[in-house]
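For the numbers below, each heavy atom of this structure counts, side chains included, while hydrogens, waters and symmetry mates do not. The sequence lines fix the lettering, A, B, ..., with proteins before strands; numbering per chain opens at 1.
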Amino acid sequence: MRSSAVSRLVLLLMVLVCSYQVVAGINSFSSWSVFYFTLAFGVLIIAGLLLLIFGPSILSNPAVVVIAALVPLGMALGLIASSFASLHIPYLILSLLGLLLIALSRKSRWATIVLVFFHGLAGAILFFLPFLLWAKGNSPGVLFVSLGAAIIGAGGMLLGTAQMGKPVLPEKIIFSLLPWILLLMSLAFSLGLKYL
Amino acid sequence: MGKKFLLYWHLIKPLQTGLLLLTGITGFLTARCPVLNFLAFSGLVASLSLSISGSTAFNMVIDSDIDLSMGRTRKRPLPSGKLTRTQALTFAALLSSSGVLLAFALSPLYGLLISAGIFFDVVVYSLWLKRRTPWSIVWGGIAGAMPIMAGRALGTGRVDTIGLLLGLSVLLWIPTHILTFSMKYYEDYQRAGIPTFPSVYGFEKTRWIIALSSVGAAVAVGIGVLALGLSWGYLRLLAVLSVGLLSLAVYSLKKPSERVNFGLFKYASLFMLGAMLIMMAGTRL
């Protein structure tokens with residue numbers, strides 16, 4: 001399946017937004033956070049370029065599930081390392097364990113449970129932590145991170161249902177929505193990080 | 001008139017010429033010389049465009065019999081008979097000579113490098129080696145490395161280590177670019193009797209060479225960018241793009257297919273484009 005010109009343009013914009021973040025948008029954070037945010041935005045950049053080159057069919061590759069997990073994990077780790085330093089190492093260990101389990105359980109019956117647990121945990125951190133930070137006095141702008149988490153969550157569920165063979169929308173629509181989801185999510189994360 | 005212009009336009013392979021021109025501009029900008037030096041900058045753009053276009057047009061003339069035997073290139077202006085060899089030769093000679101003259105007027109060293117680029121591309125690569133050995137691409141690569149080295153030499157007034165590194169990165173990137181292409185059009189090259197790495201050494205060894213040259217190109221660009229003193233942000237972005245290139249090269253070794261192979265070809269082009277933009281932006285900001 002080939003992407004439309006609009007989809008490719010939106011993907012290119014997403015790649016540019018993420019590239020800007022990697023170059024200039026995360027410099028004010030600690031080294032650890034910079035590393036994690038680079039990981040998350042970096043995966044989005046490479047994913048965007050591969051989607052541009054190969055089209056949505058690349059999503060059927062089994063490696064995508066493991067690599068895609070790096071986006072919420074990287075963002076959540078960056079957020080924790082910058083705002084709740086004491087939880088950084090425990091969550092890092094949990095994340096590494098999660099990645100390992102996601103990779104190892106791909107062909108077992110536990111695959112979905114493992115994926116949902118670790119993805120869900122990272123998603124919940126990304127969604128709820130900004131509210132906590134807001135309550136502690138941060139600018140409400142930080143809630144853009146929650147918005148990004150909600151968008152990535154919705155996108156993940158759409159794709160997940162398509163990959164399980166029970167799409168809630170026709171696959172063609174899901175694949176045409178995907179570039180927009182990725183762009184909006186990248187914009188929301190980029191804006192939110194400015195207020196962190 | 002418009003149709004005639006289009007024929008000559010196709011003769012200079014605008015995309016390839018554009019990418020090489022971009023490398024030359026990048027080399028110049030990395031020298032941190034004043035970009036607002038309008039004369040030097042526009043002279044660089046004009047001389048490089050003319051020289052690269054002329055050199056490409058010469059290749060089109062030399063390879064017109066090969067182009068005729070390959071489905072992909074049969075409709076080009078020369079094999080299709082829409083332009084005569086004399087027309088194309090005159091066009092190539094006019095462009096090249098005016099490009100070289102302008103280059104020497106800007107700086108003798110710059111002119112020398114531009115002339116060397118044309119010599120390696122037209123005489124060594126196309127005329128002498130292309131039909132004899134698959135290793136001809138090394139010389140084609142050296143020719144491809146000349147614009148970025150020349151651009152930097154025009155800015156700094158000498159050929160320095162950074163210039164050589166940047167040239168090396170283009171030289172190492174070229175096998176990724178050309179070999180993936182020669183694998184995709186393997187049958188065409190066989191029919192034309194052109195020795196390529198896939199036909200002489202087989203597909204697996206060619207994939208290894210592609211993977212190794214990708215590693216080499218990424219390392220050379222990385223060291224070049226480090227030596228240029230770009231900020232960490234640009235280095236991070238380059239690292240991200242390099243990881244993508246290396247992953248795709250390794251994937252093409254593990255799960256070879258024509259689709260992955262051509263994807264690598266496209267990604268390698270995007271990687272080089274990205275690396276050039278990073279160097280341009282990084283040294284100017």
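The distance from atom CD1 of I89(A) to atom CG of L77(A), rounded to the nearest 0.5 Å, is 9.5 Å. Going from atom CE of M75(A) over to atom OG of S33(A) covers 10.0 Å, rounded to the nearest 0.5 Å. Taking OG1 of T26(B) as the start and CE of M280(B) as the end, the distance is 3.5 Å to the nearest 0.5 Å. With rounding to the nearest 0.5 angstrom, the CG atom of L273(B) is 8.5 Å from the OG atom of S269(B).
Only the side chain of Y251(B) comes within contact range of chain A, with at least one heavy atom under 4.5 Å from a heavy atom of that chain. For L237(B), the parts lying under 4.5 angstrom from a heavy atom of chain A are both the backbone and the side chain. Looking at L52(A), neither its backbone nor its side chain comes within 4.5 Å of chain B, counting heavy atoms on both sides. When heavy atoms are compared at a cutoff of 4.5 Å, L241(B) approaches chain A solely by way of its side chain, counted from C-beta outward. Of the two parts of L248(B), only the side chain, counted from C-beta on, holds a non-hydrogen atom closer than 4.5 Å to a non-hydrogen atom of chain A.
Of the N and O atoms on the side chains of R152(B) and T30(B), at least one donor lies less than 3.5 Å from an acceptor on the other residue. Between the side chains of T196(B) and S199(B), at least one donor N or O lies within less than 3.5 Å of an accepting N or O. Side chain to side chain, S105(A) and S108(A) fail the donor-acceptor criterion of an N or O pair below 3.5 Å.
Checked against T17(B) for a side-chain contact (heavy atoms from CB on, under 4.5 Å), the options T56(B), L48(B), L22(B) give a single hit: T56(B).
Of all heavy-atom pairs between F28(B) and L44(B), the closest is CB-CD2, 3.9 Å.
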Going by atom type alone, with no hydrogens or angles, which donor-acceptor pairs under 3.5 Å involve a side-chain atom of residues 189-196 of chain A and a protein atom two or more places apart or on another chain?
unit_1  : atom_1 : unit_2  : atom_2 : d
S190(A) : OG     : S186(A) : O      : 2.6

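When the salt bridge (Lys or Arg N to Asp or Glu O under 4.0 Å) test is applied to R259(B), no partner is found at least two apart in sequence or on another chain.
When the heavy atoms of residues 207-229 of chain B are compared with those of chain A, none of the residues falls under 4.5 Å. Within residues 168-187 of chain B, no residue has any heavy atom under 4.5 Å from a heavy atom of chain A.
The aromatic rings of F128(A) and F131(A) sit tilted, their planes meeting at an angle between 30° and 60°.
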